[in-house]
Number of protein chains: 2
Amino acid sequence: MSPRLDRDTVDRILDVAEHLVQVRGYNAFSYADVSAALGIRKASLHHHFATKADLGAALVERYRRSFLAALAAIEEAPAAGERLGRYVGLYRSVLRRQRMCMCGMLAADIATLPAPMRRGVARFFTENEAWLARVLAAGRSRGELHFAGAPAAIAAFLVSALEGALLVSRGSGEPAHLDAVASLLLASIARRPPGRAVSPRSGRRPLRPRHRR
Amino acid sequence: MSPRLDRDTVDRILDVAEHLVQVRGYNAFSYADVSAALGIRKASLHHHFATKADLGAALVERYRRSFLAALAAIEEAPAAGERLGRYVGLYRSVLRRQRMCMCGMLAADIATLPAPMRRGVARFFTENEAWLARVLAAGRSRGELHFAGAPAAIAAFLVSALEGALLVSRGSGEPAHLDAVASLLLASIARRPPGRAVSPRSGRRPLRPRHRR
DNA sequence: GTCTATAACGAGATAGAC
DNA sequence: GTCTATCTCGTTATAGAC
């Protein structure tokens with residue numbers, strides 16, 4: 001009975017566990033940590049998630065779905081540039097909250113994860129890249145974006161750069177790292193301003209902050 | 001006495017531990033793992049590294065120095081393009097050996113590391129980027145490379161993209177990921193062919209595989 | 001659904017013989 | 001320098017009362 005309360009507890013457990021994984025990694029958080037944060041006993045946690053592997057699998061599944069939902073929300077923006085800006089914003093927000101992308105963190109832990117978690121992590125990245133590739137392809141065909149090569153390759157590139165920027169920002173203790181990378185990424189793909197004549201050096205300037213005409 | 005044998009044992013311990021960290025992370029390897037791999041008892045390991053924190057600090061220090069040495073070796077190549085190619089090759093080699101960059105891995109674990117390790121990891125990234133920035137600046141001033149913006153920003157960008165490519169390659173189970181990213185990176189910085197006139201669309205093409213011309 | 005209590009194990013670390 | 005033996009603690013997990 002009382003499926004409502006049950007649901008809530010499960011969600012609260014997942015919230016805390018997700019945060020812990022994003023900050024400490026899968027192997028450096030325990031039921032005791034979740035227990036302390038929630039004011040609930042370890043044994044009670046096992047009632048909701050029998051094993052840590054079960055908890056981990058639920059964690060990945062929820063994160064993946066919620067990320068996909070965020071991507072779907074971004075598609076409501078009509079302009080490709082806006083979509084990319086918001087996509088990058090997802091990563092900025094992760095860093096602002098002093099976390100790592102949960103699946104990026106789990107990618108580091110991959111060798112130690114149970115198989116269902118590994119599959120979920122792989123799926124997160126392939127779906128993430130597939131979505132990006134669609135946005136890129138649509139944006140280019142509408143003349144809103146400018147890049148050469150396969151959208152899938154650029155998508156892989158964007159995901160790598162953003163995940164890496166989160167990682168290096170943590171490692172170097174320099175949060176501005178991500179902003180520098182994000183600016184370069186967006187500028188290198190944004191449409192060149194159409195009014196601008198082709199000056200000899202107009203070639204490539206991956207640096208300027210976006211918007212601007 | 002017998003400092004020779006001592007040295008060797010220390011090195012073998014560090015070799016095994018480094019591998020374990022690159023594959024499993026700092027929190028998912030133990031003295032028991034090293035012990036088993038080396039055929040030496042746990043207590044003997046403690047003779048060489050009193051605590052895991054000591055072992056970890058030595059690990060970071062050695063990795064950082066050895067990476068710097070690899071960078072110094074790369075500088076023997078006179079051409080900037082060649083230097084960058086070899087730099088990217090360092091990352092390719094890590095992936096080929098089915099590992100993660102050790103400091104990239106430790107960047108994920110950063111919240112759980114003892115302070116000396118954290119400092120070593122941060123230093124690894126700043127030195128790494130500083131070296132790259134120098135290579136980029138020199139290459140551009142000699143007309144061998146082509147990019148806009150501060151070399152330091154591009155350096156941060158390259159490191160992020162490569163670390164991220166290693167990470168995502170692991171997470172997605174798709175090793176080709178890194179190759180795609182590496183090609184895009186090198187192409188976006190390589191010198192534009194001088195013979196080529198400035199065509200209306202020559203603007204920006206971060207995409208095409210280098211050489212050609 | 002939550003609790004207390006406890007089992008079973010592996011981790012990092014130490015003492016002291018050889 | 002390496003060993004055996006042992007300690008202490010934290011971890012995942014279970015049993016069974018409330």
Side-chain angles (χ1 to χ4, degrees), chain A residues 1-21 23-60 105-106 109 111-118, chain B residues 1-21 23-60 105-106 109 111-118:
Chain A
M1 228 143 298
S2 178
R4 187 67 256 154
L5 275 176
D6 197 14
R7 198 64 292 257
D8 286 352
T9 301
V10 163
D11 278 343
R12 276 159 53 219
I13 294 172
L14 289 172
D15 287 343
V16 169
E18 179 175 303
H19 183 200
L20 286 167
V21 169
V23 173
R24 303 175 53 87
Y26 183 73
N27 298 298
F29 93 96
S30 69
Y31 273 46
D33 297 326
V34 180
S35 166
L38 248 42
I40 215 180
R41 301 290 119 174
K42 287 189 291 171
S44 309
L45 299 177
H46 280 285
H47 171 77
H48 299 284
F49 299 100
T51 70
K52 194 181 180 183
D54 291 334
L55 172 53
L59 224 35
V60 175
M105 183 61 94
L106 293 177
D109 294 334
T112 69
L113 300 182
M117 288 187 72
R118 276 206 295 270
Chain B
M1 232 141 294
S2 178
R4 185 68 257 151
L5 275 175
D6 196 14
R7 196 70 285 261
D8 285 353
T9 301
V10 163
D11 278 343
R12 278 157 56 219
I13 294 172
L14 290 172
D15 286 342
V16 170
E18 179 176 302
H19 184 201
L20 286 167
V21 170
V23 173
R24 304 175 53 87
Y26 182 73
N27 299 297
F29 94 96
S30 68
Y31 273 46
D33 297 326
V34 179
S35 166
L38 250 40
I40 217 179
R41 302 289 118 174
K42 284 192 295 171
S44 309
L45 299 178
H46 280 285
H47 171 76
H48 299 284
F49 299 99
T51 69
K52 194 181 180 183
D54 291 334
L55 172 54
L59 225 36
V60 174
M105 184 61 94
L106 293 177
D109 295 333
T112 68
L113 300 182
M117 289 188 72
R118 276 207 294 271

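Every chain is numbered from 1, with letters handed out A, B, ... down the list of sequences.
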Is there a side-chain polar atom (N or O) of H47(B) under 4.0 Å from OP1 or OP2 of dT2(D)? no

Of the options R118(B), E18(B), M117(B), which is the one that meets V60(B) in a side chain to side chain contact (heavy atoms under 4.5 Å, CB included)? M117(B)

Contact under 4.0 Å: S30(A) side-chain N or O vs dT11(D) OP1/OP2: yes

Rounded to whole Å, the CD1-C1' distance (I40(A) to dG1(C)) equals 8 Å

Need to verify one output field. Residue with the more 5' nearest nucleotide on DNA chain D, K42(B) or G39(B)? G39(B)

Grab the NE2-P distance between H46(A) and dA13(D) for me, whole Å please. 6 Å

Atom CG of D54(A) and atom NE2 of H46(A): how far apart are they, to the nearest 0.5 Å? 10.5 Å

Would you call Y26(A) and K52(A) a side-chain contact if the rule is heavy atoms closer than 4.5 Å? yes

Whole Å only: how far is the CG atom of L20(A) from the C1' atom of dT11(D)? 15 Å

Once you round it to whole Å, what is the distance between P of dG1(C) and CZ of F49(A)? 12 Å

On the nucleotide dT2(D), are OP1 or OP2 found under 4.0 Å from the side-chain N or O atoms that H48(B) carries? yes

Sequence neighbours excluded, the answer for salt bridge (charged side-chain N to carboxylate O under 4.0 Å, His left out) partners of D15(B) is R62(B)

Does dT14(D) have its OP1 or OP2 closer than 4.0 Å to a side-chain nitrogen or oxygen of T51(A)? no

Please check the phosphate of dT2(D) (OP1 and OP2 only) for any side-chain N or O of T9(B) closer than 4.0 Å. yes

Closest to the K52(B) side chain: dG12(C), dA5(C), dT12(D)? dG12(C)

Using whole Å, what does the distance between atom C1' of nucleotide dA13(D) and atom CG of D54(A) come to? 12 Å

N27(B) CG to dA11(C) C1', in whole Å, measures 12 Å

Quick one: is dC3(D) close enough that its OP1 or OP2 comes under 4.0 Å of any side-chain N or O from S44(B)? yes

Whole Å only: how far is the CG atom of D33(A) from the C1' atom of dC9(D)? 14 Å

Atom CZ of R41(A) to atom C1' of dA15(D): distance rounded to whole Å? 18 Å

What heavy-atom pair brings F49(B) and Y31(B) nearest, and what distance separates the two atoms? O-OH, 2.9 Å

